Amino acid sequence: MKITEVRIYGNRYPVAFVEVFTDEGITGIGATGTQCNLISPVISDAGLDRIVIGENPCEPRRLWTKMFIEWQALRGRGAEGGLAVNAMAAIDMALWDITGKVLDLPLYKMLGGETKKQVMAYASSSAFKTVKGESFLKSLDEIIDECRKSVDMGFKAIKYGWGNRFGEMDENIIASMRECVGKDVRLMFDFGCPAYWTSGWNVKSAIRAARILEKYDVYFLEEPFIPCDTKSHKALKENTSINIASGESLTTIYEFMRFIEESAVDIIQPDACQIGITKFFEVACLAEKAGILCIPHSPWSALAVGTHLNILATVRNGEMIEYPAFHALSSEVHNKYYHLTNHRIVQHPPLLKDGFLHLSSLPGLGLGQFDHEILDNLYSYDEI
Ligand SMILES: [Mg+2]
């Protein structure tokens, strides 16, 4: 069997989808967390596709190395990561999908077999909403209503993208959230770029925020600093009882190794759409040995959720999976977009029941094929 073509979908859409074709009619599906107009030049124009066309698709690990080495040669430099790895990730995902379809095995069997049949999903939301293109903070009532709906839907964990606002009013909202969800539901907060882009934000600011959040038994704090800043993550981790999580923006195993070997986080958050299945599995196994939990970043599509479910089922440290809370997003357009990419874009989206994602026995990623009618008619990025 030989790879004949790599096709990219998405136009100016926030996420690019990839389909790998073979001469025997079996196709594999993949996704990257980067938009098409940035990924397409790497795959089609610069020739990443030519590195795999003609190769046996059922050797994804070998082809990852081939892509990584030959892309470096193509660029004439030894730099690592970034967009090139994002593009490789989508192809790698599709190659594992093809391999599973050829062998009639789900990904979790190819990775050595499952240690569990289901993995907890957490409802992922944001404290911000978009109205007519402008970003606003949601009100207390809006956030509490969303939290109540998440619990009613069966979620046992909820995360909010929050930034670094921890004044009295914000603390009142967090206190009300805890009261609303009760003591048994996990609450998490993502500092993210609104925090680390703020001038003056440093380790001491983050420790002060953590002291507030400790009162409400928060389960983890996400990406409190610039993604590669290992030292600041470690300093915060050593000064709070809350788990510190990071990793969604990292693209090479070497960056992950720094965080894992230096024990700079309690939770590592790789994303297979950023680093591929081949490297995600390595990260998860390294973290497992180091006693670090693995809770991936996967808000974008069924391909991320389904892939992560397969991998997390095989490792002991696969604790939870990020899952978009459609009822609690920032706008109607976002709700529609996330619904399409999580429920409609593939034949068999991952099964969510009572707050847990359940393994499928279908081969490869377990998602079947793309629904091309949905894929081809996704509205443009400009409308979001
Ligand atoms: Mg995040």
Side-chain angles (χ1 to χ4, degrees), residues 1-10 13 15-36 38-40 42-44 47-68 70-71 83-111 251 270-281 298 300-311 341 345-350 360 362-372 374-376:
M1 180 182 282
K2 284 190 168 53
I3 298 169
T4 55
E5 189 185 355
V6 178
R7 219 174 273 174
I8 310 150
Y9 307 92
Y13 198 59
V15 177
F17 297 97
V18 161
E19 199 165 18
V20 174
F21 293 80
T22 66
D23 58 356
E24 293 186 19
I26 295 180
T27 59
I29 60 174
T32 175
T34 307
Q35 70 190 54
C36 189
L38 294 173
I39 287 300
S40 199
V42 177
I43 294 180
S44 303
L48 185 62
D49 58 352
R50 293 196 293 278
I51 295 173
V52 294
I53 286 173
E55 294 284 349
N56 178 358
C58 300
E59 298 178 356
R61 192 171 181 79
R62 179 179 71 78
L63 291 180
W64 179 275
T65 305
K66 186 172 192 290
M67 283 192 284
F68 200 79
E70 292 189 19
W71 174 258
L83 279 181
V85 169
N86 285 183
M88 289 174 204
I91 294 174
D92 177 77
M93 197 181 281
L95 298 182
W96 281 100
D97 191 39
I98 292 173
T99 308
K101 286 167 178 168
V102 169
L103 299 174
D104 196 22
L105 285 176
L107 176 60
Y108 59 86
K109 292 288 186 197
M110 290 191 283
L111 296 178
T251 55
D271 182 339
C273 297
Q274 286 264 85
I275 62 165
I277 289 170
T278 300
K279 291 297 162 184
F280 186 116
F281 188 57
S298 48
W300 298 110
S301 72
L303 285 92
V305 172
T307 298
H308 294 158
L309 171 62
N310 271 273
I311 304 175
T341 54
I345 204 165
V346 291
Q347 287 174 304
H348 307 288
S360 158
L362 292 169
L365 307 183
L367 305 169
Q369 302 296 345
F370 282 131
D371 181 328
H372 279 277
I374 297 293
L375 190 61
D376 296 342

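Note that the numbering runs from 1 along the sequence shown for the chain. As the structure is a prediction and not an experimental result, all values here were calculated from the model. FYI, side chains are in, hydrogens and waters are out, and symmetry mates aren't considered; it's all heavy atoms of this structure.
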Do the side chain of Lys279 and the main chain of Trp64 share a donor and acceptor less than 3.5 angstrom apart?
no
Would you say the side-chain atoms of Thr22 pair up with the backbone N or O of Ile3, donor to acceptor, closer than 3.5 Å?
no
Going through the distances and angles, do Met93 and Leu365 end up as a side-chain contact (heavy atoms from CB on, under 4.5 Å)?
CA-CA 8 Å; Met93 197 181 281; Leu365 307 183; 3.8 Å; yes
Could you tell me whether a side-chain N or O of Lys66 sits under 3.5 Å from a main-chain N or O of Val52, the two making a donor and an acceptor?
no
Looking only at heavy atoms, what is the nearest atom pair of Gly368 and Asp97, with distance?
O-OD2, 4.2 Å
Please answer whether the main-chain N or O of Ser360 pairs with a side-chain N or O of Tyr108 as donor and acceptor at a distance below 3.5 Å.
yes
Locate the shortest heavy-atom distance separating Ala87 from Val42; write the atom from each residue and the value.
CB-CG1, 3.8 Å
Minimal non-hydrogen separation, Leu63 against Pro57, with atom names:
CD1-CA, 4.4 Å
Are the side chains of Leu105 and Pro363 in contact, using a 4.5 Å heavy-atom criterion?
no
Thr32 versus Gln274, side-chain donor and acceptor atoms under 3.5 Å:
no
Using only atom types and a distance under 3.5 Å, with no angle test, would you say the side chain of Thr4 pairs donor to acceptor with the backbone of Phe21?
yes
Between His348 and Gln369: side-chain donor-acceptor atoms closer than 3.5 Å
no
Electrostatic pair Glu55-Lys2, nearest N-O below 4.0 angstrom:
no
Under a 3.5 Å distance rule, please check whether Asn310 uses its side chain to pair with a backbone N or O of Gly306 as donor and acceptor.
yes
Quick check against the 3.5 Å criterion: does Asp92 have a side-chain atom that pairs as donor or acceptor with the backbone of Thr278?
yes
